[in-house]
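One structure is given here, and the rest of the page talks about it.
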Protein chains: 2
Amino acid sequence: MGIATDMEVRARDDHHASLRLWLRLLSCTTRIEDTVRQRLRETFGITLPRFDLMAQLEREPQGLSMGELSRRMMVTGGNVTTIVDQLENEQLVQRQTQAGDRRSFTVSLTPAGRKAFSAMAREHEEWVVDMLSSLSERQQEQLYKLLGNLKRGLHQPSNQETP
Amino acid sequence: MGIATDMEVRARDDHHASLRLWLRLLSCTTRIEDTVRQRLRETFGITLPRFDLMAQLEREPQGLSMGELSRRMMVTGGNVTTIVDQLENEQLVQRQTQAGDRRSFTVSLTPAGRKAFSAMAREHEEWVVDMLSSLSERQQEQLYKLLGNLKRGLHQPSNQETP
DNA sequence: TATTGTTATACTCTATAACTATA
DNA sequence: TATAGTTATAGAGTATAACAATA
């Protein structure tokens, strides 16, 4: 499984502060992500991509097309087909044909899927709350804001060919 | 390639603030990591695990055993064997037999490996500096400190069975 | 027996590309 | 022709387990 390399160990004194920051960011995230992944598997026998797909559907009770799922998950279509096939086998999601365009389906959670997802989401949230609990509410807010700035900065690839 | 799902879209109003923070953390990290991975491949034809292994060796000029590499990279031994095999084929690292214990080797960078790594590391650092450049120096410091707190908190699994 | 490392194998996640059926 | 989705395949990246050589 691997519970996260401590990549931060790579940082050396002569490295730029930004690099140290990045390695620390990577190290924290990987550690949390690996824990979540492992617990989702152990507790619910589900993988992160499948959990994510169900989360997408939970937000859209009216359902989503395969293409829209593919776009939202930033994953190519073939992969969505595979995940939906699995979840459909377990009767957690359903494909419904669309009137109007017979090439396309609407995928949505089944009642069983909604129920299963909500149990998983509850646990998942507890894990995350617990793992972040070493930061005060105020610190979490600060972190949230800083990451917001970072994220906005990443939006434009920031390849400003220095003129 | 995939340049990072925007997982943050999963966050909903009724979700705990910690969950939103986690999704944002994941989203930022994934986006940077995917970019780095892609550029390492395009620019140097190298994967992240191979880059990481070379980084480990660069920090230890006297070399490391396979087992120690496996521990530091938090990856099982078979995988280290594969990576070292590849890098040895390209003459970037070398295995040297140890006097004293003939089961074990010392792996270290060759001069060519040192040279190649230092060129890659320089570029890599530039990419990172650029991607983080939307944050001021002061903001980066703040972020670094907050993540330090978080990381310390993660060290003990924080499974404090609430009494 | 225990340890170091290798080999063989499998599974998850992702991508690309050829294909089918509609439109 | 173009689009929605599927199938087939490949390649990272990881794990486990059986194995060989040495301690």
Side-chain angles (χ1 to χ4, degrees), chain A residues 1-5 7 26 30 33-38 40-42 44-53 63-89 93-107, chain B residues 1-5 7 26 30-31 33-42 44-53 63-89 93-107:
Chain A
M1 176 95 322
I3 292 299
T5 304
M7 324 230 189
L26 183 56
T30 311
E33 190 181 1
D34 284 356
T35 303
V36 166
R37 209 184 281 275
Q38 182 182 324
L40 279 177
R41 171 168 302 289
E42 284 169 358
F44 300 110
I46 199 172
T47 64
L48 201 43
R50 285 181 348 173
F51 181 78
D52 283 340
L53 190 144
L64 292 169
S65 68
M66 297 297 284
E68 188 54 33
L69 272 170
S70 164
R71 251 165 273 128
R72 297 200 186 193
M73 300 184 68
M74 300 288 269
V75 148
T76 52
N79 301 307
V80 174
T81 296
T82 309
I83 300 176
V84 169
D85 283 351
Q86 296 167 341
L87 292 172
E88 203 176 29
N89 271 339
V93 309
Q94 57 197 342
R95 282 178 173 95
Q96 282 163 311
T97 55
Q98 294 207 337
D101 189 338
R102 280 183 303 169
R103 293 171 305 179
S104 175
F105 321 107
T106 296
V107 186
Chain B
M1 178 92 323
I3 292 299
T5 303
M7 322 231 190
L26 183 56
T30 310
R31 203 125 96 212
E33 190 181 1
D34 284 356
T35 303
V36 166
R37 209 183 281 277
Q38 182 183 325
R39 290 188 185 170
L40 279 177
R41 171 168 303 288
E42 284 169 359
F44 300 110
I46 198 172
T47 64
L48 200 44
R50 283 181 349 174
F51 182 78
D52 282 340
L53 191 145
L64 292 169
S65 68
M66 298 295 284
E68 187 54 33
L69 272 170
S70 164
R71 251 166 273 128
R72 297 200 186 193
M73 300 184 68
M74 300 289 267
V75 149
T76 52
N79 301 307
V80 174
T81 296
T82 308
I83 299 175
V84 169
D85 284 350
Q86 295 168 341
L87 292 172
E88 202 175 30
N89 271 339
V93 309
Q94 58 197 342
R95 283 177 173 95
Q96 282 164 311
T97 54
Q98 294 207 335
D101 187 338
R102 280 182 303 169
R103 293 171 305 179
S104 176
F105 321 106
T106 296
V107 185

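Only heavy atoms go into these numbers, but all of them, side chains included; no hydrogens, no water, no symmetry mates. Sequence lines set the chain letters: A, B, ... in the order given, protein chains first and strands last, and positions in each chain run from 1. Remember, it's a predicted structure, so these values are computed and weren't measured experimentally.
Side chain of Phe105(A), nearest nucleotide from dT6(D), dT7(C), dA12(D): dT6(D). Closest to the side chain of Pro49(B), out of dG5(D), dG13(D), dT6(C), is dG13(D). In the set dA15(C), dC13(C), dA15(D), dC13(C) carries the atom at the smallest distance from any side-chain atom of Arg37(A). You'll find that the side chain of Thr76(A) is closest to dA15(C), out of dA15(D), dG5(D), dA15(C).
When atom types are taken as modelled, the side chain of Ser70(A) and the backbone of Met66(A) share no donor-acceptor pair closer than 3.5 angstrom.
Across all strands shown, Ser65(B) has heavy atoms under 4.0 Å from sugar-phosphate atoms exclusively, and none from any base. Using a 4.0 Å heavy-atom criterion, one finds that Ser70(A) contacts no nucleic acid atom at all. Looking at heavy-atom distances under 4.0 Å, Gly67(A) makes contact with sugar-phosphate atoms alone, never a base.
Side-chain polar atoms of Gln98(B) and Thr106(B) form a donor-acceptor pair below 3.5 angstrom. There is no side-chain donor-acceptor pair under 3.5 Å between Asp101(A) and Ser104(A).
Regarding Ile46(A), its CD1 atom lies at a distance of 19 Å from the P atom of dC11(C), rounded to whole Å. For Arg50(B) and dT14(D), the CZ to P distance is 13 Å, given to the nearest whole Å. Distance, Glu88(A) CD to dT6(D) C1': 13 Å, rounded to whole Å. Here the P atom of nucleotide dT3(D) and the CD atom of Glu68(A) are 16 Å apart, to the nearest Å. Protein atom CZ of Arg41(B) is 13 Å distant from nucleotide atom P of dA15(C), rounded to whole Å. One atom, CD of Glu33(B), and another, C1' of dG13(D), lie 12 Å apart when rounded to the nearest Å. Remark: C1' of dG5(C) and CD of Gln98(B) are 12 Å apart, rounded to the nearest angstrom. Rounded to an integer number of Å, the gap from Met74(B) CE to dG13(D) P is 18 Å.
In terms of phosphate contacts, Thr47(B) brings a side-chain nitrogen or oxygen within less than 4.0 Å of OP1 or OP2 of dG13(D). The side chain of Ser104(A) places an N or O atom within less than 4.0 Å of a non-bridging phosphate oxygen (OP1 or OP2) of dG5(D). Between Thr81(B) and the phosphate of dG5(C), there is no side-chain N or O to OP1/OP2 separation shorter than 4.0 Å. Contact check, Arg95(B) against dT6(C): a side-chain N or O comes under 4.0 Å of OP1 or OP2.
Position along DNA chain C of the nearest nucleotide to Asn79(B) versus Arg71(B) favours Arg71(B) as the more 5'-ward residue.
The pair Arg71(A)-Glu68(A) meets the salt-bridge criterion, with a side-chain N (NZ, NE, NH1 or NH2) lying under 4.0 Å from an Asp/Glu carboxylate O. Salt bridge present: Arg95(A) and Asp85(A) bring a charged side-chain N and a carboxylate O closer than 4.0 Å.
We find the CG-CD1 distance between Leu87(A) and Ile46(A) to be 6.0 Å, quoted to the nearest 0.5 Å.
Of all non-hydrogen atoms in Val93(A) and Val84(A), the two that sit nearest each other are CG2-O, 4.0 Å. Closest approach of Met73(B) to Pro49(B), counting heavy atoms only: CE-O, 3.5 Å.
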Protein-proximity profile, nucleotides 18-23 of chain D, B/S/- by nucleotide at the 4.0 Å heavy-atom cutoff, equals ---BBS

